[in-house]
Trainee: 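Quick one: the structure is below, and I'll ask about it shortly.
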Amino acid sequence: MGVRPLNCLNIPTAVLYGSLSLFVSILHNVFLLYYVDTFVSVYKIDKLSFWIGETIFLLWNSLNDPLFGWLSDRSFLSTQQSGAAISSPEVVLKRLKALMRNGPLFALSFLSFWVAWARPGVQFLVCLCLYDGFLTIVDLNHNALLADLAVSEKDRTRLNFYCSLFSALGSLSVFMSYAVWNKDNFFSFRLFCAAMAAFSIFGFSISTWFLRQRFQLEVRLKHTEASMLKELHISQTPLAQEQTLTFSEYLKQLSRHQNFVWFVSMNLVQVFHCHFNSNFFPLFLEYLLSDRISLSTGSFLLGASYIAPHLNNLYFLSLCHRFGVYMVIRWLFFVKLVLSLIMLLAGPDQIYLLCFFIASNRVFTEGTCKLLNLVISDLVDEDFVMNKRKQAASALLFGMVALVTKPGQTFAPLFGTWLLYVYTGYDIFQHDALHDIVSTKPVGEPNAAWMKAVRQGCFYLLVFIPITCGVLQLLAWSQFNLHGKRLQTIKSLRQSTHQEGLLDIKAV
């Protein structure tokens with residue numbers, strides 16, 4: 001009776017699931033844009049404290065995904081525990097409970113950046129680790145629900161569609177933040193962040209409450225049925241007890257999972273390329289286009305690079321529904337490689353082509369990243385079937401993928417700045433030297449030659465990185481065989497095992 005009013009609202013589960021992406025993205029986009037500038041320009045953090053904080057954060061950021069995944073899913077790794085199976089609705093409720101508890105805490109940790117409450121170095125480290133810890137818990141449980149709520153490719157594509165739609169809406173916070181960002185007067189920006197955090201807390205609480213009400217009815221019915229069987233002395237034949245796997249045993253299983261190995265190899269390159277584009281996008285605009293396009297055009301390209309990947313992903317998902325995720329990702333790798341070769345042959349003087357390539361390179365690369373959760377969900381199914389688990393360890397597998405691929409975030413700026421130095425001799429951290437070169441009037445012959453070398457070096461980075469990434473990814477992706485008949489067989493086996501526990505996401 002308690003869920004009747006909810007059912008009257010008739011909100012699809014896919015919409016409620018996708019809305020959680022909105023409450024994360026409105027905060028995370030603002031965080032990515034302003035947290036460094038806030039501590040460097042407003043709080044005046046010293047260089048040593050900044051790098052110590054970033055180094056500790058790097059270690060924490062890499063380790064917390066498998067740590068939280070293991071704590072969440074370690075009980076699912078054996079085929080049986082204490083003679084009782086865990087139903088799919090119970091797993092979903094466990095994820096939703098974690099989201100209901102940690103979503104608001106994530107929003108509060110976001111607020112901790114914008115008010116000075118300790119020495120800059122201490123606040124920087126504490127804020128980063130707290131924020132990333134809660135963000136990891138939210139992301140892991142949200143991504144795990146993609147594998148737990150649905151098995152069929154059609155239903156998972158529908159879930160991902162709404163995630164992309166709401167993430168695109170969340171990107172609007174970036175544009176709104178420009179209106180209130182002022183280093184000298186931080187009050188308006190703090191109010192804006194407080195309003196965004198309050199909206200996120202309210203959204204997490206409402207969406208997770210709606211979803212929990214929906215699945216609690218399923219759990220109550222199962223418990224009632226179990227109690228009746230117990231009263232009638234009807235029980236299943238007791239099965240042999242199995243101990244929960246240790247982490248080392250789980251790693252051995254994962255190392256024998258060939259599709260997982262090929263996927264993380266490909267995804268490591270993808271994460272590297274995504275963060276390379278993010279790190280060097282402003283640099284490409286400045287040294288390849290700044291003197292050839294208007295300021296408004298540059299702003300448009302920058303803004304479009306944030307929102308276009310989400311909108312473009314809606315089209316990619318429709319292609320996935322028709323041709324399958326594997327084929328769409330393969331096509332995107334080919335497109336990336338072909339466009340890069342065309343740009344290399346055309347050279348840096350084709351301005352319109354260069355504008356299109358810089359924008360499309362980031363949009364297609366980010367779009368590919370957003371499709372990969374569907375592939376990880378398929379790997380969850382395969383891991384479940386191969387190792388005969390009693391429940392899919394979805395959060396743990398997402399965490400292990402992050403452990404292997406997150407180093408790409410660190411390699412991207414390091415490798416990119418090293419290559420730029422090799423090509424041009426220009427150290428990107430020596431801002432004053434370059435400023436002197438740019439501001440000298442008239443521009444001398446050595447300075448003009450220097451700027452030409454920097455421009456050429458940026459162009460080589462722009463085209464050779466996607467060419468190299470495209471070739472490596474096509475080689476790894478060609479070895480990945482979880483598609484076609486094999487994928488359908490895996491899904492059928494998991495669907496038949498959990499048919500009674502899964503809900504049709506369009507029906508609720």
Side-chain angles (χ1 to χ4, degrees), residues 32 266 268-309 312 331-370 408-431 434 437-438 448-475:
L32 290 175
M266 178 277 292
L268 174 62
V269 179
Q270 185 66 24
V271 170
F272 168 86
H273 193 197
C274 283
H275 284 81
F276 174 84
N277 284 338
S278 299
N279 296 147
F280 289 90
F281 191 87
L283 189 76
F284 295 148
L285 286 182
E286 181 177 357
Y287 296 117
L288 293 175
L289 295 174
S290 62
D291 58 340
R292 304 187 180 196
I293 61 174
S294 64
L295 182 61
S296 60
T297 304
S299 300
F300 172 78
L301 287 175
L302 186 61
S305 71
Y306 276 91
I307 194 169
N312 209 41
W331 292 341
L332 287 172
F333 291 156
F334 273 117
V335 169
K336 174 167 64 177
L337 182 58
V338 170
L339 286 178
S340 302
L341 291 172
I342 292 174
M343 191 69 249
L344 176 62
L345 295 175
D349 296 325
Q350 304 296 325
I351 300 304
Y352 292 109
L353 181 60
L354 190 60
C355 287
F356 172 78
F357 179 76
I358 290 176
S360 64
N361 184 37
R362 176 172 164 78
V363 169
F364 289 147
T365 304
E366 292 289 336
T368 305
C369 286
K370 297 180 188 311
Q409 298 181 14
T410 305
F411 295 151
L414 294 178
F415 191 64
T417 52
W418 175 76
L419 279 180
L420 187 62
Y421 180 77
V422 169
Y423 280 134
T424 66
Y426 165 54
D427 185 353
I428 196 172
F429 297 106
Q430 295 178 353
H431 301 289
L434 188 64
I437 292 172
V438 175
W450 175 263
M451 289 303 298
K452 183 178 180 181
V454 172
R455 175 179 168 80
Q456 194 68 34
C458 287
F459 178 74
Y460 285 149
L461 276 181
L462 178 67
V463 294
F464 282 129
I465 289 295
I467 288 174
T468 305
C469 290
V471 170
L472 292 175
Q473 287 176 304
L474 283 170
L475 289 174

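These numbers come from the heavy atoms of this one structure, side chains and all, not from hydrogens, waters or symmetry mates.
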Trainee: Is the shortest heavy-atom distance from the side chain of Leu354 to the side chain of Phe284 under 4.5 Å?
Mentor: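 No. Closest side-chain heavy atoms not under 4.5 Å.
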Trainee: Kindly compute the distance separating CG (Leu353) from CD1 (Ile342), expressed to the nearest 0.5 Å.
Mentor: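 Reported to 0.5 Å precision, the distance equals 7.5 Å.
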Trainee: To the nearest 0.5 angstrom, please state how far the CZ atom of Phe415 sits from the CG atom of Leu461.
Mentor: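 Answer for the CZ-CG pair, Phe415 versus Leu461, is 9.0 Å.
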Trainee: Distance check, rounded to the nearest 0.5 Å: Ile467 atom CD1 versus Lys336 atom NZ?
Mentor: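 Ile467 CD1 to Lys336 NZ: 11.0 Å, rounded to 0.5 Å.
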Trainee: Rounded to the nearest 0.5 Å, what separation is found between the CG atom of Asp349 and the CG atom of Leu288?
Mentor: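 These two atoms lie 10.5 Å from each other.
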Trainee: Decide yes or no on side chain to side chain contact (heavy atoms under 4.5 Å, CB included) for Leu339 and Met343, but give the supporting numbers first.
Mentor: CA-CA 6 Å; Leu339 286 178; Met343 191 69 249; over 6 Å; no
Trainee: Give, for atom CD of Gln473 and atom CG of Leu337, the distance between the pair rounded to the nearest 0.5 Å.
Mentor: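 Interatomic distance, Gln473 CD to Leu337 CG, rounded to 0.5 Å: 10.0 Å.
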Trainee: Supply the atom-to-atom distance Gln350 CD to Leu345 CG, rounded to the nearest 0.5 angstrom.
Mentor: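 Going from the CD atom of Gln350 to the CG atom of Leu345 covers 11.5 Å.
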Trainee: Using side chain to side chain contact (heavy atoms under 4.5 Å, CB included) as the criterion, point out the one residue from Leu341, Asn361, Leu344 that pairs with Val463.
Mentor: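 The residue from Leu341, Asn361, Leu344 that satisfies side chain to side chain contact (heavy atoms under 4.5 Å, CB included) with Val463 turns out to be Leu344.
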Trainee: Testing Thr368, Leu475, Val471, Val269 one by one against Phe333 for a side chain to side chain contact (heavy atoms under 4.5 Å, CB included), which residue passes?
Mentor: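 The residue from Thr368, Leu475, Val471, Val269 that satisfies side chain to side chain contact (heavy atoms under 4.5 Å, CB included) with Phe333 turns out to be Thr368.
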Trainee: Is the shortest heavy-atom distance from the side chain of Phe357 to the side chain of Pro466 under 4.5 Å?
Mentor: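 In contact.
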Trainee: Using a 4.5 Å cut-off on heavy atoms from C-beta on, say whether the side chain of Ile358 contacts that of Arg362.
Mentor: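 When only atoms from C-beta onward are counted, Ile358 and Arg362 do not touch, as no gap falls below 4.5 Å.
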Trainee: What residues form a side chain to side chain contact (heavy atoms under 4.5 Å, CB included) with Tyr460, not counting sequence neighbours?
Mentor: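 Once residues adjacent in sequence are excluded, the partners of Tyr460 under the side chain to side chain contact (heavy atoms under 4.5 Å, CB included) criterion are Tyr423, Gln456, Phe464.
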Trainee: Among residues two or more places apart or on two chains, list those pairs meeting salt bridge (charged side-chain N to carboxylate O under 4.0 Å, His left out) that have a residue in residues 409-421.
Mentor: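 Listed by first then second residue: nothing to list.
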Trainee: With sequence neighbours left out, what residues match Cys369 under disulfide bond (SG atoms under 2.5 Å apart)?
Mentor: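 Partners of Cys369 by the disulfide bond (SG atoms under 2.5 Å apart) criterion, ordered by chain and then number, come out as Cys274.
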Trainee: Evaluate the ring planes of Phe276 and His273, with Trp represented by its six-membered ring, and classify them as parallel (under 30°), tilted (30 to 60°) or perpendicular (over 60°).
Mentor: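 Rings of Phe276 and His273: tilted, 30 to 60°.
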Trainee: Write down the atom of Cys469, the atom of Phe272, and the distance for their closest heavy-atom approach.
Mentor: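 Residues Cys469 and Phe272, closest heavy atoms: SG-CD2, 4.0 Å.
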